[in-house]
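Have a look at the structure below before the remarks.
As the structure is a computational prediction, the values presented were derived from the model and not from experiment. In the text below, chain A, chain B and the rest are named by the order of the sequence lines, each starting its count at 1.
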Amino acid sequence: MFLLRHGPLDAEALRRAVASPEHGAVLVFHGDARASTAGRRVTGLWYEAFEPMALAGLEELAVAVRARHGVGAIACAPRLGAVPVGETAMVLAVGAPHREAALAATADYIQRLKQDVPIWKREHFEDGTRWVGSATDPQARAAARTA
Amino acid sequence: MFLLRHGPLDAEALRRAVASPEHGAVLVFHGDARASTAGRRVTGLWYEAFEPMALAGLEELAVAVRARHGVGAIACAPRLGAVPVGETAMVLAVGAPHREAALAATADYIQRLKQDVPIWKREHFEDGTRWVGSATDPQARAAARTA
Amino acid sequence: MRVQVRYFAALREALALGEESLEVPPGTRAGDLLDLLGARRPALAAHRAGLRRAVGTRFAEPGLLLQDGDEVALIPPVSGG
Amino acid sequence: MRVQVRYFAALREALALGEESLEVPPGTRAGDLLDLLGARRPALAAHRAGLRRAVGTRFAEPGLLLQDGDEVALIPPVSGG
């Protein structure tokens with residue numbers, strides 16, 4: 001189950017999608033909108049996607065991560081549009097026979113998602129906004145210089 | 001929030017207990033009853049606890065794991081009594097500013113839980129039962145010999 | 001003095017007993033209990049591997065001096081939820 | 001031949017444009033597009049660092065030969081959900 005939706009996410013539907021009698025471990029990760037980042041107060045987030053490519057990317061990533069970690073099922077639903085502070089911006093559910101594989105697959109999936117799936121986050125502050133990671137974002141440029 | 005209950009678990013209540021505007025990562029682990037173990041068909045599980053010690057242990061473990069991994073909140077609810085195959089036997093929820101700490105804390109908490117919290121699992125098979133890890137369980141003795 | 005001894009899981013089933021009150025000499029340590037119990041509970045022998053003791057709700061070292069009224073739990077290997 | 005070029009996120013905002021149709025010579029490769037666009041879209045220059053290209057719904061190497069009707073997306077650094 002891979003979804004790109006505006007509005008609140010249904011984490012329980014994703015959990016059910018990956019649960020099975022062969023899966024002793026079901027891990028449900030919620031990426032929630034934090035009230036601050038790098039010491040700066042955040043007033044809300046906004047997500048944009050290149051939707052057909054993002055959906056294809058979520059599925060391809062699942063195939064690769066399932067094969068690498070021997071997990072049985074992956075479901076993922078990033079939320080698009082406005083996400084208020086405290087609400088969930090992304091749910092990832094992983095079902096596996098054992099917890100070690102579920103944990104490793106979760107870490108791996110999220111890391112690749114943040115590199116290779118065309119979804120962009122804009123942070124809103126009291127005095128402005130920034131596209132996270134953008135070439136013209138001062139924080140991203142600083143991170144690139146020190147990397 | 002630490003609970004020992006008979007009957008189905010409320011994972012959403014645990015998620016809410018650890019979510020906060022400072023937590024960008026909320027991980028909800030479900031330990032579910034599998035239909036097989038070591039190639040043997042399982043017909044159901046049964047859990048027993050030394051309840052006051054188990055509750056104290058869940059809380060102490062949370063204090064230690066929070067300090068070690070810098071996570072903000074941990075909630076855990078192992079289920080007692082009969083757990084049918086496919087149902088959830090334990091929910092652990094971890095809230096942290098970032099996902100790396102949430103993942104590490106989840107792995108650490110479960111591993112220590114399985115070592116140090118007095119909860120016992122009995123597996124039911126079509127032709128018998130066993131207490132997992134018991135000194136008189138042939139599988140546990142075999143594991144100890146080869147460890 | 002008397003202590004209350006509690007049994008769980010495989011051990012409880014092997015003994016067909018959840019708990020019992022035991023008269024022990026003053027100066028008895030947590031680690032002495034199994035030997036004191038051994039004669040009347042021969043089924044204990046098969047469960048000594050990996051068995052831990054708790055006094056109250058905390059694991060206890062074998063050297064811990066027991067006190068009158070202590071509740072001592074014998075904890076077989078756990079599987080933890 | 002013509003290709004459709006799509007812009008997203010910071011780049012879309014910088015250009016104030018979501019997509020446009022572009023006439024390119026036969027033999028144009030994915031990696032040539034930024035130079036072809038540069039003259040009419042000077043705001044692109046500040047976004048070239050980390051910019052990737054996709055043709056259809058897959059990332060494309062700079063050497064990929066474009067075909068008439070291709071949809072080419074310019075993908076600024078993503079943050080992935």
Side-chain angles (χ1 to χ4, degrees), chain A residues 9-16 18-39 41-45 72-73 83-111 113-114 121 123, chain B residues 9-12 14-16 18-39 41-45 72-73 83-111 113-114 121 123 132:
Chain A
L9 301 173
D10 182 356
E12 170 62 10
L14 271 74
R15 185 200 66 77
R16 279 197 307 269
V18 304
S20 103
E22 301 311 319
H23 294 162
V26 173
L27 203 51
V28 183
F29 174 85
H30 304 250
D32 292 355
R34 296 168 67 215
S36 65
T37 180
R41 195 169 152 231
V42 174
T43 56
L45 300 179
V83 179
V85 166
E87 294 195 10
T88 296
M90 190 269 274
V91 175
L92 169 66
V94 174
H98 300 288
R99 70 183 187 282
E100 294 83 357
L103 285 159
T106 297
D108 196 11
Y109 193 95
I110 300 172
Q111 184 172 332
L113 171 68
K114 288 180 179 287
K121 169 162 72 172
E123 291 173 340
Chain B
L9 303 172
D10 182 357
E12 171 61 12
L14 271 75
R15 186 200 65 78
R16 280 196 307 270
V18 304
S20 103
E22 301 310 320
H23 294 163
V26 173
L27 204 51
V28 183
F29 173 85
H30 305 249
D32 292 356
R34 295 167 68 215
S36 66
T37 180
R41 193 170 153 229
V42 174
T43 56
L45 301 179
V83 178
V85 165
E87 294 195 12
T88 296
M90 190 270 273
V91 175
L92 169 67
V94 174
H98 300 287
R99 71 184 186 281
E100 294 84 355
L103 285 159
T106 297
D108 196 11
Y109 193 95
I110 300 172
Q111 184 172 332
L113 171 66
K114 286 179 180 289
K121 169 162 72 173
E123 291 172 341
V132 175

Item to check | Choice from Leu92(A), Val85(A), Ile110(A) maximising heavy atom contacts with chain B below 4.5 Å | outcome: Ile110(A)
Item to check | chain A contact via Ala25(B) - which portion, at a heavy-atom distance below 4.5 Å | outcome: both
Checklist outcome for this item: chain A shares the most heavy-atom pairs under 4.5 Å, among Ala93(B), Ser20(B), Ala35(B), Gly31(B), with Ala35(B)
Item to check | Most contacts with chain A, counted as non-hydrogen pairs under 4.5 angstrom, among Ala19(B), Ala11(B), Pro97(B), Ala33(B) | outcome: Pro97(B)
Next on the checklist: Please evaluate residues Val18(B) and Val94(B) with respect to the criterion side-chain contact (heavy atoms from CB on, under 4.5 Å), reporting the C-alpha separation (whole Å), side-chain torsions for both, the decisive distance (0.1 Å), and the verdict.
Outcome noted: CA-CA 6 Å; Val18(B) 304; Val94(B) 174; 5.9 Å; no
Checklist entry - Taking only residues at least two apart or on different chains, which pairs with a member in residues 91-103 of chain A satisfy side-chain hydrogen bond (donor to acceptor under 3.5 Å, both in side chains)? => result none
Checklist entry - Step by step, would you call Met90(A) with Leu113(A) a side-chain contact (heavy atoms from CB on, under 4.5 Å)? => result CA-CA 11 Å; Met90(A) 190 269 274; Leu113(A) 171 68; 3.6 Å; yes
Next on the checklist: Given heavy-atom pairs under 4.5 angstrom as the criterion, report whether the side chain, backbone, both or neither of Gln111(A) touches chain B.
Outcome noted: both
Next on the checklist: Suppose we screen for side chain to side chain contact (heavy atoms under 4.5 Å, CB included). Which residues come up paired with Thr88(B), at least two apart in sequence or across chains?
Outcome noted: Leu9(B), His30(B), Asp32(B), Val91(B)
Checklist entry - Once you round to the nearest 0.5 Å, how far does NZ of Lys114(B) lie from NZ of Lys121(B)? => result 5.0 Å
